[in-house]
Number of protein chains: 2
Amino acid sequence: MSEQSETLEKRFMKGFEEAIPDKGTRQILLNAIEVFAKKGLAGTKIKDIAAKAGFSQGFVYNYFKSKDDIFIKIVDLAADGAGNSVQYAAEMQGTPYEKIYWLTEAFLCPDSIAMQHWRLIMLQATTSEAIPEEAVKISKEKIKKPFEHLIPIIIEGQKSGEFVDADAMTLAVTYFSIIQGLGITRMQYGKNIPFPTTDMVLSFLRKNPSM
Amino acid sequence: MSEQSETLEKRFMKGFEEAIPDKGTRQILLNAIEVFAKKGLAGTKIKDIAAKAGFSQGFVYNYFKSKDDIFIKIVDLAADGAGNSVQYAAEMQGTPYEKIYWLTEAFLCPDSIAMQHWRLIMLQATTSEAIPEEAVKISKEKIKKPFEHLIPIIIEGQKSGEFVDADAMTLAVTYFSIIQGLGITRMQYGKNIPFPTTDMVLSFLRKNPSM
DNA sequence: GTCTATATATTGATAGAC
DNA sequence: GTCTATCAATATATAGAC
C-alpha cells in the first residue's frame, strides 16, 4: 500500500513541479497549502505563510500580487490533482475493483497529509461564500474530471458482475462523499483512530462483499 | 421520513429555546449559525451577522461581548444537538437497523439545511487552527456523546445478527464519517444531485444488505 | 432599546532601504 | 534578492446620542 501511494504522491509532486517551475513560488505555495487548509482563507494571514516559508511578510508579494491570488492558484492545482489521481487509477492494469481499491488506499493513506490538505482546501472552495469568484469557477469546472474517470470503472464493474446495479452516477457521488468524510475524520483524529478496512469502505459498491 | 425528521428539527429547536431564553440572543445566534457555516469564523464580519438579523453592527455587542463569544456558544449548542439526536434514536422503539435508518434519514434530510450548518460549524471547530481554544475544548469533550449512544445500538444489532461482526467503534467511526461526507455533498450540490438511498448508505453495516 | 460615531487594532499591499 | 517601514483599508469593540 505505502509503495503504491508513494507513486501517487510522486505523481502529484511531479505535476506540481511542472506546473510551477520557479522554486521560490513553489516554496510559498507548499507552505500556503498547509496554512490555508488549517486556518481557511480569511483566517490565514500573509505573515503566517511568509513565516512558515522562512520569508518576511512583504517578500511574498514578489511572487504573488495578492492573498487571493495564492489561494486561486492552489485551488487550481488541487482540482487538477484530484482529477489526475482518478485518471491514473482508470489507466491502471487490473479489475475494476482492484482499481478502485487502489485509489481508495491512495486517497486515505494516513501518511498522505498533503492529500488531506488539498481536500480541505477544495472543501472551502466549494462550500464557503468568502472565496474569490475565480476559485469557485475553477473548482466547479474541474470537479467534473474525477467523475468522468470514475464512472467508466463503475460501469465496467457492473458489466462484469462485480458491482451492484445502481445508477453509476449515484455510486460515484456516494464514493467521493465517503472518501471526503473519511478523509476529514483522518484530519480530525489522525493515525491512531479505529479506521475501516478498504473492503468495508467499498462494501456499498460490491454485489457480494467478502465480509 | 419528513414527519420523522420534523420531529428531530422540533427537538433541536426546543432544546435551543430552553438553552437560550432571551429572544434577541436567539435571533442573533440563529443568523450567526448560517453566516459562520458559509463564511467561516474569520470570514464572518459582525456586520454580516447584524445585517442578517436586522440590527446595526454595534447593537450585537449588547448581547455578546465578542465575535469569538458568539462562535463558542454556537459550537456548544451544535455539539449538544449532535449528541441529543443520537440519544433520541437510541431511545426509539424498533430494531437496531430501524433506529439507525431513522437517524440517517434525519441527518441527511435535504430540507434540514440547519443540520448541515451545524455540521459545517462543528467541522471548523475540529479541523481549524484559527478557532478560540474554548471552542476546541468544548467540541472535543462533547464529541464523545454521539459515540456513546451509537455503539450500544451497533452491538445490539450484532447480537441479533443484523450487523456485521467488525469492531463496534470502527463501525461507529465509519458511520459518522459517511454521514459527514454525504452531508457535505448535500451542502455543495443541493437537493437535485443523485443521492444514495439510506439502504445503500448503510450497506457497510449489514450482514445481508437487501440490495 | 437601538443606532451613529469613533477610537483602536489588525492586516493587506506598496515602496524604498540595504 | 530580501527586508523594513509605512500607507490605506477594514473591522472590532466602545461610548455616547436619540
Side-chain angles (χ1 to χ4, degrees), chain A residues 17 20-76 121 124-125 128-136, chain B residues 17 20-76 121 124-125 128-136:
Chain A
E17 282 174 27
I20 313 292
D22 180 69
K23 195 185 162 187
T25 310
R26 279 207 303 274
Q27 192 176 346
I28 290 173
L29 283 174
L30 281 174
N31 287 285
I33 288 167
E34 194 176 332
V35 185
F36 279 136
K38 289 181 179 166
K39 301 196 176 183
L41 173 59
T44 296
K45 313 304 165 196
I46 294 287
K47 203 180 153 188
D48 299 331
I49 298 173
K52 210 167 183 331
F55 294 131
S56 70
Q57 189 255 8
F59 188 54
V60 172
Y61 290 91
N62 279 337
Y63 293 91
F64 293 92
K65 80 170 212 294
S66 71
K67 190 171 76 165
D68 278 7
D69 235 49
I70 304 177
F71 190 80
I72 291 168
K73 190 72 205 163
I74 289 175
V75 167
D76 195 28
I121 289 173
Q124 294 172 43
S128 175
E129 285 180 1
I131 292 287
E133 245 181 88
E134 200 182 336
V136 175
Chain B
E17 282 173 27
I20 314 292
D22 181 69
K23 195 186 160 185
T25 309
R26 279 206 304 274
Q27 191 175 347
I28 289 172
L29 283 173
L30 282 174
N31 287 285
I33 288 166
E34 194 177 330
V35 184
F36 279 137
K38 289 182 180 168
K39 300 195 177 184
L41 172 59
T44 296
K45 312 306 166 194
I46 294 287
K47 204 179 151 189
D48 299 332
I49 297 173
K52 211 168 180 336
F55 293 132
S56 71
Q57 188 255 7
F59 189 55
V60 173
Y61 290 91
N62 278 338
Y63 294 91
F64 294 92
K65 80 170 213 295
S66 70
K67 190 171 75 166
D68 278 7
D69 236 48
I70 305 177
F71 190 81
I72 290 167
K73 190 72 204 163
I74 288 176
V75 167
D76 194 27
I121 289 173
Q124 292 172 44
S128 176
E129 284 179 2
I131 292 287
E133 245 182 87
E134 201 182 335
V136 175

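This structure is a prediction, so every number in the text was calculated from the model and none was measured. Numbers restart at 1 for each chain; the letters A, B, ... are given by sequence-line order, proteins then strands.
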| field | Length of the line joining Lys47(B):NZ and dT4(C):C1', which is rounded to integer Å | value | 13 Å
| Gap between atoms CD and P, on Gln27(B) and dG1(C) respectively (whole Å) | 15 Å
| In whole angstroms, how far is the P atom of dA13(D) from the NZ atom of Lys65(B)? | 9 Å
| message | Using the side-chain heavy atoms of Lys45(A), tell me which of these nucleotides is nearest: dG12(C), dT2(D), dG1(C). | response | dG12(C)
| request: Kindly compute the distance separating CD (Gln124(A)) from NZ (Lys39(A)), expressed to the nearest 0.5 Å. | output: 13.0 Å
| said: Which is more 5' along DNA chain C, the nucleotide nearest Ala42(A) or the one nearest Phe59(A)? Just name the residue. | reply: Ala42(A)
| task | Take atom NZ of Lys39(B) and atom P of dA11(D), then tell me their distance rounded to the nearest Å. | result | 10 Å
| request: Please test Arg26(A) against Leu29(A) for side-chain contact (heavy atoms from CB on, under 4.5 Å), starting from the C-alpha separation and ending with a verdict. | output: CA-CA 5 Å; Arg26(A) 279 207 303 274; Leu29(A) 283 174; 5.6 Å; no
| Taking the side chain of Phe55(A) as heavy atoms from C-beta outward, which of dC3(C), dG12(C), dC3(D) is closest to it? | dC3(D)
| query | Is any side-chain N or O of Gln57(B) under 3.5 Å from a base N or O of dA11(D), one able to act as donor and the other as acceptor? | reply | no
| said: Taking atom CD as the centre, does Glu134(A) end up with more than 12 heavy-atom neighbours from other residues, nucleotides or ligands that are less than 6.0 angstrom away? | reply: no
| request: Between dT12(D), dG12(C), dT2(D), spot the one nearest the side chain of Ile46(B), thanks. | output: dT12(D)
| Between dA9(C) (C1') and Lys67(B) (NZ): distance, integer Å | 13 Å
| Rounded to whole angstrom units, what separation is found between the CG atom of Asp68(A) and the P atom of dG12(C)? | 10 Å
| Approximate separation, where rounding is to 0.5 Å, of Phe64(A) CZ and Ile49(A) CD1 | 9.0 Å
| message | Output the rounded distance in Å from OH (Tyr63(A)) to P (dA13(C)). | response | 18 Å
| task | Calculate, to the nearest 0.5 Å, the distance between atoms NZ and CZ belonging to Lys67(A) and Phe36(A) respectively. | result | 6.5 Å
| task | May I have the distance from Asn62(A) (atom CG) to dG12(C) (atom C1'), rounded to whole angstrom? | result | 15 Å
| field | Selected nucleotide, minimal atom distance to Tyr61(A) side chain, candidates dT2(D), dA13(C), dC3(C) | value | dA13(C)
